[in-house]
Student: 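Got a structure here, written out as structure tokens. Questions coming.
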Amino acid sequence: MKKIGFLSFGHWTPSAGSATRTASDALLQSIDLAIAAEELGADGAYFRVHHFARQLGSPFPLLAAVGARTKRIEIGTAVIDMRYENPLYMAEDSGAADLISGGRLQLGISRGSPEQVVDGWRYFGFTPEKDGSEEAMARRHAEVFLSALQGNGFATPNPYPMFPNPPGLLRIEPHSETLKERIWWGSSSNATAVWAAKLGMHLQSSTLKTDENGRPFHVQQAEQIRVFREAWKAAGHEREARVSVSRSIFPLITERDRSYFGRQSDSEDSIGFIDEQTRAIFGRSYTAAPDLLIKQLEADEALREADTILLTVPNQLGVDYNAHVIESILKHVAPGLGWR
């Protein structure tokens, strides 16, 4: 059995072919798609966060709105770029959104990927420590965030407060008791997967990974998952580790499906660079009739290792079409793989 959710980047553009032409469209359609996915029996609604882009930006208003309009579905991110985050303010926002949802947030955080502007986090007021790196800054923000979510007091109260204080040092409010157990780290390398496991964060692995040995993408990703689970076990966490992988999967059922995605049926892994030093491997898309899709996905080692699958959706094609894609996978593909 697998948990199956969708992952939306929330693209919007005023171009003629887009059904998502404004930022308002992207936000409201994201809520509507989460509602539709829950009604179809999907398990998760996840959103990608990018800054300085015509995509979903600040996630917490959206997560709170989805939480208020749904009852069962997991609500998450994949991922929030921690280079841009004030971890204490983020603890407030995430605590509030989690309480509104009834404890359904699954927050994916990460060092982030290359952004639209050079060193965009500097415009948000953040600078790496002297002789430090932006990667180290992101990990430091993540550690402060996790510490704040523990709910321990750390701030000295005013001796003459406006309102009565509880005894002792004060913590971030509002506080969600279990949110710390539902934080995930978006990792592109084996080393950061091990680091995340030691801190008790679940693992998110996308369709992009650092190319560490030249093997096929799904093989490298499966290796990463196994290394993560070994590190989790060694760390002695009592909770069960979770792992999500992202995939672009499009069953060709209708003429519209074939019109949109039929030409992608011969997709393969590709190699590129996410920065000047980092060689990366990009996983293929899966596009075929359901019976062939099942055979292709059975051979994907990382899918066998993961417990959660995030389906990347082409959100600019509109809510109805994306709900159709999710329903097609749930009905025509997932049962044949034992995911349902």
Student: Can you confirm whether Phe154 is buried at CZ, in the sense that more than 12 heavy atoms of other residues, nucleotides or ligands lie under 6.0 Å from that atom?
Tutor: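 Enclosed.
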Student: Does Asn165 CG have over 12 foreign heavy atoms under 6.0 Å away?
Tutor: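 For Asn165, atom CG is crowded (more than 12 foreign heavy atoms under 6.0 Å).
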Student: Looking at side-chain heavy atoms only, is the closest gap between Leu107 and Arg182 below 4.5 Å?
Tutor: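 No. Closest side-chain heavy atoms not under 4.5 Å.
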Student: First locate atom CD of Glu177, then atom CG of Leu149, and finally report the distance between them rounded to the nearest 0.5 Å.
Tutor: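 Rounded to the nearest 0.5 Å, the CD-CG separation comes out at 11.0 Å.
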Student: Is the count of non-hydrogen atoms from other residues, nucleotides or ligands lying under 6.0 Å from Arg69 atom CZ greater than 12?
Tutor: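 Atom CZ in Arg69 is not packed in, count stays at 12 or less.
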Student: Salt bridge check: are Arg215 and Glu223 linked by an N-O gap of less than 4.0 Å?
Tutor: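 Salt bridge present between Arg215 and Glu223.
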Student: Classify the ring geometry between His324 and Tyr321 as parallel (under 30°), tilted (30 to 60°) or perpendicular (over 60°).
Tutor: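 Aromatic pair His324/Tyr321 classed tilted.
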Student: Tell me if a side-chain donor or acceptor on Asn322 pairs with a main-chain N or O of Pro314 at a distance below 3.5 Å.
Tutor: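 Yes, because the side chain of Asn322 sits within donor-acceptor range (under 3.5 Å) of the backbone of Pro314.
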Student: Strictly distance-based, threshold 3.5 Å: is any side-chain N or O of Asp269 a donor or acceptor partner for the main-chain N or O of Phe217?
Tutor: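 Judged by distance alone, yes, a pair lies under 3.5 Å.
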Student: Do you see a donor-acceptor pair shorter than 3.5 Å between the side chains of Ser205 and Gln224?
Tutor: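 Looking only at side-chain atoms, Gln224 and Ser205 do form a donor-acceptor pair, the distance falling under 3.5 Å.
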Student: Please confirm whether the backbone N or O of Ala19 pairs with a side-chain atom of Gln29, one donor and one acceptor, at under 3.5 Å?
Tutor: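 Yes, Gln29 side chain to Ala19 backbone: donor-acceptor pair under 3.5 Å.
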Student: Looking at side-chain heavy atoms only, is the closest gap between Ser101 and Val66 below 4.5 Å?
Tutor: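 They are not in contact (no side-chain heavy atoms under 4.5 Å apart), so the answer is no.
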Student: Could you see if Leu27 belongs to whatever hydrophobic cluster contains Val313? Use Ile, Leu, Val, Met, Phe, Trp, Tyr and a side-chain cutoff under 4.5 Å.
Tutor: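 Linked, Leu27 and Val313 end up in one cluster.
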Student: Taking side chain as C-beta onward, heavy atoms only, is Ile80 less than 4.5 Å from Ser110?
Tutor: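 Contact flag for Ile80/Ser110 side chains = no.
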Student: Please confirm whether the backbone N or O of Ala45 pairs with a side-chain atom of Glu74, one donor and one acceptor, at under 3.5 Å?
Tutor: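 Side chain of Glu74 to backbone of Ala45, a donor-acceptor pair under 3.5 Å: no, none is there.
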Student: Any side-chain donor-acceptor pair under 3.5 Å between Ser189 and Thr192?
Tutor: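 Yes, because at least one side-chain N or O of Ser189 sits under 3.5 Å from a partner of the opposite role on Thr192.
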Student: Do His50 and Gln116 have side-chain atoms, one donor and one acceptor, less than 3.5 Å apart?
Tutor: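 No, no side-chain donor-acceptor pair sits under 3.5 Å.
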Student: Between Asp81 and Arg48, does any NZ, NE, NH1 or NH2 come within less than 4.0 Å of an OD or OE carboxylate oxygen?
Tutor: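 No, no charged N to carboxylate O under 4.0 Å.
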Student: One thing to verify: whether Glu85 and Arg83 come together as a salt bridge, which I'm taking to mean a side-chain N less than 4.0 angstrom from a carboxylate O.
Tutor: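 No, no charged N to carboxylate O under 4.0 Å.
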Student: Quick one: are Gln55 and Val49 in side-chain contact, heavy atoms under 4.5 Å?
Tutor: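 No, every pair of side-chain atoms sits at 4.5 Å or beyond.
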Student: I'd like to know if Arg111 and Glu135 make a salt bridge, using a cut-off of under 4.0 Å between side-chain N and carboxylate O.
Tutor: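 Salt bridge: yes.
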Student: Report, as yes or no, whether the 6.0 Å neighbourhood of atom CZ on Arg239 holds more than 12 heavy atoms from other residues, nucleotides or ligands.
Tutor: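 More than 12 heavy atoms, drawn from other residues, nucleotides or ligands, come within 6.0 Å of this atom.
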Student: Just do the side chain to side chain contact (heavy atoms under 4.5 Å, CB included) check on Glu305 and Val243 with the steps written out, would you?
Tutor: CA-CA 8 Å; Glu305 294 283 346; Val243 175; over 6 Å; no
Student: Salt bridge check, Asp307 against Arg242: does any charged N sit closer than 4.0 Å to a carboxylate O?
Tutor: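 Looking at Asp307 together with Arg242, the answer is yes, because their closest N to O distance falls below 4.0 Å.
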Student: Angle between ring planes, Phe250 versus Phe261, binned at 30° and 60°: parallel, tilted or perpendicular?
Tutor: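 Ring orientation of Phe250 relative to Phe261: parallel.
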Student: Has Arg258 got its NZ or CZ under 6.0 Å from the middle of the six-membered ring of Tyr260, at an angle within 45 degrees of the ring axis?
Tutor: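 Not flagged: Arg258 not positioned over aromatic ring of Tyr260.
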Student: Side-chain contact test, heavy atoms from C-beta onward, threshold under 4.5 Å: evaluate it for Leu62 versus Ile31 and give yes or no.
Tutor: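 Yes. Closest side-chain heavy atoms under 4.5 Å.
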Student: Rounded to the nearest 0.5 Å, how far does OG of Ser246 lie from CG of Leu311?
Tutor: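 It comes to 9.0 Å.
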Student: For the residue pair Trp184 and Val79, establish whether any side-chain heavy-atom pair is separated by less than 4.5 Å.
Tutor: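 The answer is no, as the side chains (C-beta and beyond) never meet within the 4.5 Å cut-off.
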Student: Closer than 4.0 angstrom, basic N to acidic O: yes or no for Lys2 and Asp300?
Tutor: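 Answer for the salt bridge query: no.
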Student: Would you please test Tyr123 and Tyr84 for side chain to side chain contact (heavy atoms under 4.5 Å, CB included) and show each step?
Tutor: CA-CA 9 Å; Tyr123 296 98; Tyr84 287 77; over 6 Å; no
Student: Does any non-hydrogen side-chain atom of Tyr46 lie less than 4.5 Å from one of Ser8?
Tutor: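 Side chain of Ser8 against side chain of Tyr46, heavy atoms only: no contact under 4.5 Å found.
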Student: Keeping Arg247 on the side-chain end and Thr207 on the backbone end, is there a donor-acceptor pair under 3.5 Å?
Tutor: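 Flag not set: sc Arg247 to bb Thr207 has no pair under 3.5 Å.
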Student: Measuring centre to centre across the rings, with the benzene-like ring taken for any Trp, is Trp232 within less than 6.0 Å of His202?
Tutor: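 Ring centroids of Trp232 and His202 are less than 6.0 Å from each other.
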Student: Does the gap between the ring centers of His141 and Phe126 come in under 6.0 Å?
Tutor: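 So the answer is yes for these two rings.
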Student: Under the criterion side chain to side chain donor-acceptor pair (under 3.5 Å), I'd like the reasoning laid out for Gln316 against Thr20: C-alpha separation, chi angles, the key distance, then a yes or no.
Tutor: CA-CA 5 Å; Gln316 288 186 95; Thr20 310; 5.8 Å; no
Student: Rounded to the nearest 0.5 Å, how far does CZ of Arg122 lie from OG1 of Thr127?
Tutor: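 The OG1 atom of Thr127 sits 5.0 Å away from the CZ atom of Arg122.
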Student: Donor-acceptor pair, Thr210 side chain versus Ser188 backbone, under 3.5 Å?
Tutor: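 Judged by distance alone, yes, a pair lies under 3.5 Å.
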